[in-house]
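The structure appears below as structure tokens.
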Number of protein chains: 2
Amino acid sequence: MSRSGEARTHRATAQDVAKLAGVSRSAVSRTFTPGAAVSPATRQKVLAASQQLQYVPNAAARSLMTKRTNLIAVVVSNQASTSYGRLLDCFSSRLMDIGYNVFLITAVENLDTDDQLLKMLRYPVDGFVITAAASLEFSRQICRHCIALGIPAVTLNRTIEGAELSSINCDHRAGGAMAVDTLIDGGLRRLGLIVGHEPTTVNTERMNGFLERAAERGIAEPAVVRARQFNFDGGYEAAAQLLGRHPDLEGLFCVNDQIAIGAMEMARKDAKLRVPEDLSIVGFDDMPAAAWPSFDLTTIRQPIDKMVGETLRVLMQTIEGDASPASHSVVPVEFVRRGSSR
Amino acid sequence: MSRSGEARTHRATAQDVAKLAGVSRSAVSRTFTPGAAVSPATRQKVLAASQQLQYVPNAAARSLMTKRTNLIAVVVSNQASTSYGRLLDCFSSRLMDIGYNVFLITAVENLDTDDQLLKMLRYPVDGFVITAAASLEFSRQICRHCIALGIPAVTLNRTIEGAELSSINCDHRAGGAMAVDTLIDGGLRRLGLIVGHEPTTVNTERMNGFLERAAERGIAEPAVVRARQFNFDGGYEAAAQLLGRHPDLEGLFCVNDQIAIGAMEMARKDAKLRVPEDLSIVGFDDMPAAAWPSFDLTTIRQPIDKMVGETLRVLMQTIEGDASPASHSVVPVEFVRRGSSR
DNA sequence: CTCCTGGTTGCACGCGCGTGCAGTTGAACG
DNA sequence: CGTTCAACTGCACGCGCGTGCAACCAGGAG
């Protein structure tokens, strides 16, 4: 029991352990370096002393020599709208499995200068994962930073034009096409679309996939509304607007499930429409709530696990010094038929 | 444009900047140390050279001298069940505002040995925030680690018995009491309760708050069921069990909103009950979906922002070397009346 | 016994940085 | 002009660690 008021407990160093174990500091270092040459005898002495002193190697100091921090920066959004919890979860558990730690960066609303960004990025990391949850401008700033400093970086569900970074996307276009197909196959012709307001990869690709297939199949001009927010409220508002202008709408595609559920609530509660009898709704992502009985939302499943796996595969490859040019992976999506569409 | 295939870009050091600027390395260091003595002239030279070389101070190296990493470890769960997204969001943005970075630790299912834990914790951090989202055993391990090494740590919505760590909780007991009050005030007598299966602070305190007040007000024995999971599915299953055994149930309190919504869906879709006419339901947390029209869930709001603020206040105080004994804060909760209860 | 070999060990250096201390400079003052 | 002092600068050291290198040791072959 240390007396209160004293300076904080001194964290044991390799030096301390060496002294207690009666060996050199190198021996301690080698004991904690896999593959280094230490005799079983000294190793045991070191381990015993380490345990007694509660010794934990200082990864920050180590990184000075090894040039590797085993830290991966994961960039996500500060708008709790999107369900990035699942995503982070996947990244974190998989990274910890392979010996990495997660340095979390949440997008800040308005980052005035690059200086502020640089202050946040003083910590050396081995690589960046930049997810679509972050705001567009913020993503760009981070990308610039990575490229300028030559730090391996990969973007997920976002392709930054002009930046030679590898990207991983789910097949947004195919998903949009699936959505329009199921609506048209259900005999519907008057279609609508709710999309986010930012020109992000997710928004534009899913929309274009929908519009192009619609055109191919002879649907002239689906009604398009941009939601002010990428969440339930945004969907609710946008649906009100859309249904106000097109009361005869038959089928609706929303670029994500949150928007879709917002739109469904609006359609049912306010517009007094039955889903799917009066209006079919299709979402995108397959978030947990999509399967809840009240919504039973037909949607396009984004295989988070696979996408995270692929992202880390590409990132690790880049970290391992592979100088191959940026790659652009596309992960297939899966159509999930439920009761919200005919 | 660096040629591809070359070794990775060498990250500029203070030495490089010093040479280019024609000053000593100390001058560079002082330029990036607020409050240090540097003349405006040299500062300008240093800043110019830094910009040209894309220099960013290495926080890991700095931490060796300063004994401060400006890193806070935030421990959350790997079960995406609970809505810890919002929580992380708050922590992250607030920490970044005050110059800290987030080191994310997600609870792993079965951590065999402490060695594995130690491997994850080699990175020196200034403090720990241990949230209730993590599994009980994992929390305990982390707490032991913090105490053994004298690292400042604070728990959120979880009080670890026997560990002299400060804790922050919302007022679970008061919330439970509010729930039972609104049910009884609505004229209901046959009450039920769905609680999680783990003996965590959240589960036991919310339950006890409910049961004690129920006893005070003359409700003999509310029916209690433990959900196998702390989420929608858990609530759904538990409600089936509960309503099977007590078809005449009038009021139901669930220890969180996800369980409550699961139970509501079960009651409506399968048991064909009307909410709130046949069954009143009250949740806890006030997650976004609670306000969606389909659920319109009466609940107890947990003020996330305030709790996070208080958590960081206490943690920072601990970090600043305040040797005062562990404190235990309780943040008030707020009753949110909606349509799921009479 | 000598020599050689393979396995260990310790020394010493440096990773990138902060900071105490002595030295230098310039300006203001007498 | 000489003196004083404050502002500034550079030197040198060390933070905790990995690692090349030379020294060392034990053991087997000759």
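So you know, we letter chains A, B, ... as the sequences are listed, proteins then strands, and number each from 1. Since the model is a prediction, treat every value here as computed from it, not as a measurement.
Per the geometry, CZ belonging to B/R122 stands 14 Å off C1' belonging to D/dG16, to the nearest Å. Atom pair A/R30:CZ and D/dG18:P shows a separation of 10 Å (rounding to whole Å applied). Whole-Å rounding puts the B/R43 CZ to D/dA7 P distance at 16 Å. As a whole-Å value, the separation of A/K45 NZ from C/dG10 P is 8 Å. The distance from atom CZ of A/R25 to atom C1' of C/dT9 is 13 Å, rounded to the nearest whole Å. Following rounding to the nearest Å, A/L53 (CG) and D/dG16 (P) show an atom-to-atom distance of 14 Å. The nearest whole Å value for the distance from the CZ atom in B/R62 to the C1' atom in C/dG16 is 11 Å. Distance, B/K19 NZ to D/dG10 C1': 17 Å, rounded to whole Å.
Within 4.0 Å (heavy atoms only), B/A37 reaches at least one base atom of the nucleic acid.
A/T106 and B/S92 are linked by a side-chain donor-acceptor pair at a separation below 3.5 angstrom, with hydrogens and angles left out of the test. Side chain to side chain, B/R158 and B/S139 meet the donor-acceptor criterion of an N or O pair below 3.5 Å. Between B/T42 and B/S39, the side chains place a donor N or O and an acceptor N or O closer than 3.5 Å (distance only, hydrogens not considered).
Toward the 5' end of DNA chain C, the nearer of the two residues B/A59 and A/A41, judged by each one's closest nucleotide, is A/A41. Of the two residues near DNA chain D, B/L64 and B/V38, the one whose nearest nucleotide lies more 5' is B/V38.
The side chain of B/S26 sits closest to D/dC11 out of D/dG18, D/dC8, D/dC11. The nucleotide whose nearest atom lies closest to any side-chain atom of B/A61 is, among C/dA12, D/dC17, C/dC17, C/dC17.
Remark: B/S63 is not in phosphate contact with C/dC17, judged by side-chain N or O atoms under 4.0 Å from OP1 or OP2. Checking the phosphate oxygens (OP1, OP2) of D/dG18, no side-chain nitrogen or oxygen of A/K67 falls inside 4.0 Å. A close approach under 4.0 Å does not occur between any side-chain nitrogen or oxygen of B/T13 and OP1 or OP2 of C/dG16. Phosphate proximity of D/dT9 to B/S39: present, with a side-chain N or O under 4.0 Å from OP1 or OP2. Dashed line: the shortest gap from a side-chain N or O of B/T42 to OP1 or OP2 of D/dT9 is under 4.0 Å. Considering only side-chain N and O atoms, B/Y55 lies under 4.0 angstrom from the phosphate OP1 or OP2 of C/dC17.
Counting atom types as modelled, A/S29 pairs no side-chain N or O with a base atom of D/dT19 as donor and acceptor under 3.5 Å.
Remark: A/K67 does not engage A/D126 in a salt bridge, criterion side-chain N to carboxylate O under 4.0 Å.
The distance from the OG atom of B/S29 to the CZ atom of B/R25 is 6.5 Å, given to the nearest 0.5 Å.
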